[in-house]
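Right, one structure below, let's go through it.
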Amino acid sequence: MTSTTEIVRLAAKGDGVTADGKHFARSVPGDKIDADGAIVHGDHHVDAPCRHFGKCGGCQLQHADQGILSGFVRDRVVNAAKGQGLAIGDLLDEYLSPPQSRRRTTLHALRKHRGAVLGFHEEGSHRIVDIAECPILRPELTRLIKPLRIFVAEHGPKGNVDIALALSDQGIDLGLANFPLAGLKETEAALDFARGNNLSRMTIDQGYGAETVWEPEPVTITLSGYPVSMPAGTFLQATQDAEAQMVADAIDWLGDARLIVDLFAGLGTFAFALAKYGPDGRKVLAAEAEQAAHVACKVAASRTAGRIHAMHRDLFRNPLQPTELNRFHAVLLDPPRAGAKSQIAEIAKSDIAKVVYVSCNPSSWARDAAVLAGAGFKLTRLRPVGQFRWSTHVELVSLFER
């Protein structure tokens, strides 16, 4: 057995890779490949906690121990930075969310001749894996799997159904897409399901957008002590614990900055924390393009005694210009996966000296970071974040200073 038969690293999609570049699915560093191509498990290979692992496409790394998971998250971020020639100042410990911590997800379902299947898609396929458990989800969400399967079997349409689940302050927010309510019987069944399962809200998308059919009281999500209206389908950080870590880093790194602009602010996850825990007199401008999220943030901001001002603005088509940015002491941005190419270009041309960049895509972040570096910024702090446990999806929070 030669050195080329040992798995030495994980690729970006989770495959184990040998020293000579051969890929082996569901292997980890320390595993060996025998002469027949079989994987001989090493010290870092563990039993998957879920019976569906290997078929369900929701997780790729349940066979890796904690050390390998941490290393994978760290390496994805570090390698992205190195690929752009970025020098990392202080590389902080990576943060991993624990099992049973995901508070939002999208499941898929299909009514069959006898019953229904409900779960995640197989990797690279539209075929649905019918799940009985899910170790990544909060228990409240997992408990709804069986009732949902029965509901789809009895009242679902012939085609595929998408099921969005999220935990709000009041309970589970359920959104059904491609789920027409044909008549009074089906509508009453939907209401009975919502009532019987103590849902905070149920929305149905029959092809014209989400329509609320059940919401006993206004649905909210509390952000740093402020209850914020939670529009159906709105973005939330996947886990509360990872959100708390990233918020804590932002508060620490932005220190005594008194005027901060929060770009791609969403509901105000960072804005409310920065306003609440900053120095006396700190003010935050929260800029967001999505109308419902902006309105929710604006209404809640009215209770902050003027510390937060919400701005409705498309930062892709109309980024803040240097003359606007120069009014602030620091910038925080948390853009979608595509990054913030246009906005970063304007930040680079501004007088801003401190930028906290939160990202869910190391590749687009590294591209944007290289622009900041070219404008004199240094990457002084970097924390990799793995809030999508056992998946290859990696996030981060970073600080740039000049």
Restricting to non-hydrogen atoms, name the atom on P384 and the atom on V77 that form the minimum distance, rounded to 0.1 Å. CB-CG2, 3.8 Å
Under 3.5 Å, is there a donor on one side chain and an acceptor on the other for R26 and Q62? no
Flag for H312-E288: side-chain donor and acceptor within less than 3.5 Å: no
Should the ring pair F377 and F400 be called parallel, tilted or perpendicular, given that the plane angle runs from 0 to 90° and is split at 30 and 60? perpendicular
L382 versus S398, closest heavy-atom pair with distance: CD1-CB, 3.9 Å
So, using salt bridge (charged side-chain N to carboxylate O under 4.0 Å, His left out) as the criterion, who are the partners of D249 when residues are at least two apart? R383
Would you please test E123 and K13 for salt bridge (charged side-chain N to carboxylate O under 4.0 Å, His left out) and show each step? CA-CA 11 Å; E123 189 167 3; K13 293 185 178 180; over 6 Å; no
Just so I know, are the side chains of F235 and P336 near enough to count as touching, which here means a heavy-atom distance under 4.5 Å? no
Does E395 reach the main-chain N or O of G386 with its side chain, forming a donor-acceptor pair under 3.5 Å? no
Side-chain donor-acceptor pairs under 3.5 Å in residues 128-136, sequence neighbours left out?
from, atom 1, to, atom 2, distance (Å)
D130, OD1, L118, N, 2.8
D130, OD1, R149, NE, 2.9
D130, OD1, R149, NH2, 3.1
E133, OE2, R51, N, 2.8
E133, OE2, R51, NE, 3.4

Do T18 and D20 pair up side chain to side chain, a donor and an acceptor below 3.5 Å, judged on atom types alone? yes
Between W365 and L86 the two heavy atoms that sit nearest each other are CH2-CD1, 4.4 Å
Would you please name every residue forming a salt bridge (charged side-chain N to carboxylate O under 4.0 Å, His left out) with R74, sequence neighbours left out? E94
Is the backbone of T392 close enough, under 3.5 Å, to the side chain of Q60 for a donor and an acceptor to pair up by distance? yes
Is a side-chain donor-acceptor pair under 3.5 Å present for Y357 with D334? no
Distance (rounded to the nearest 0.5 Å) between L110 CG and N160 CG: 5.0 Å
Side chain to side chain contact (heavy atoms under 4.5 Å, CB included) against H44, all qualifying residues, sequence neighbours excluded: V28, D65, I68
Is it true that the side chains of D162 and T106 contain a donor and an acceptor less than 3.5 Å apart? no
Shortest non-hydrogen contact from A289 toward D314: CB-CA, 3.6 Å
H63-F53 aromatic ring centre distance below 6.0 Å: yes
Residues forming a side chain to side chain contact (heavy atoms under 4.5 Å, CB included) with H309, sequence neighbours excluded: L285
Does any pair with a residue in residues 123-151 pass ring-ring contact (aromatic ring centres under 6.0 Å, His included), and if so which ones, sequence neighbours excluded? H121-H126, F151-H155, F151-F179, F151-F193
Indicate whether any N or O donor in one side chain lies under 3.5 Å from an N or O acceptor in the other, for D31 and H45. yes
Taking E324 for the side chain and Q321 for the main chain, is one N or O donor matched with an acceptor at less than 3.5 Å? yes
Would you call E140 and T142 a side-chain contact if the rule is heavy atoms closer than 4.5 Å? no
CZ (R303) with more than 12 external heavy atoms under 6.0 Å: yes
Strictly by modelled atom types, are R282 and H329 linked by a side-chain donor-acceptor pair under 3.5 Å? no
Ion pair E401/K378, N-O distance below 4.0 Å: no
Heavy-atom closest pair, residues C360 and P335: SG-O, 4.3 Å
Test your reading of the model: is there a side-chain donor-acceptor pair from R337 to the backbone of S364, 3.5 Å cut-off? no
Aromatic ring proximity, centroids under 6.0 angstrom, F270 and F264: no
Residue pairs fulfilling salt bridge (charged side-chain N to carboxylate O under 4.0 Å, His left out) with at least one residue in residues 251-263, sequence neighbours excluded: D252-R381
Taking side-chain hydrogen bond (donor to acceptor under 3.5 Å, both in side chains) as the definition, give me every residue that meets it alongside S200, ordered by chain and number, with sequence neighbours left out. S168
Indicate yes or no: at least one non-hydrogen side-chain atom of T203 is less than 4.5 angstrom from one of L176. no
Write down the atom of A109, the atom of I163, and the distance for their closest heavy-atom approach. CB-CD1, 3.9 Å
Assess the side chains of S97 and T239: does a donor N or O sit below 3.5 Å from an acceptor N or O? yes
Quick check on side-chain contact (heavy atoms from CB on, under 4.5 Å): which of V355, V397, L274, L263 does L332 satisfy it with? L274
N/O donor-acceptor pair under 3.5 Å between E122 side chain and C56 backbone: no
Given the rule in the side-chain hydrogen bond (donor to acceptor under 3.5 Å, both in side chains) test, do Q170 and T220 qualify, once you have shown the distances and angles that lead to the verdict? CA-CA 7 Å; Q170 292 76 22; T220 61; 3.0 Å; yes
In residues 207-214, what donor-acceptor pairs under 3.5 Å come from side-chain atoms, sequence neighbours left out?
from, atom 1, to, atom 2, distance (Å)
W214, NE1, L199, O, 3.1

For the backbone of G255 and the side chain of K354, can you confirm whether one donor and one acceptor N or O come within less than 3.5 Å of each other? no
Who are the side-chain hydrogen bond (donor to acceptor under 3.5 Å, both in side chains) partners of N79, not counting sequence neighbours? none
Sequence neighbours left out, what passes salt bridge (charged side-chain N to carboxylate O under 4.0 Å, His left out) with K298? Give chain and number order. none
Heavy atoms, side chains only, cut-off 4.5 Å: are V8 and P29 in contact? no
Working note: L69 + R389, criterion side chain to side chain contact (heavy atoms under 4.5 Å, CB included); need CA distance, chi angles, decisive distance, verdict. CA-CA 8 Å; L69 289 174; R389 189 178 183 86; 4.0 Å; yes
Any sub-3.5 Å donor-acceptor pair from N326's side-chain atoms to P322's backbone N or O? yes
Using the test side chain to side chain contact (heavy atoms under 4.5 Å, CB included), find all partners of E243 that sit at least two apart in sequence or belong to another chain. R103, L223, Q237, V247, T269
Quick one: CG on L399 to CG on D90, what's the gap to the nearest 0.5 Å? 10.0 Å
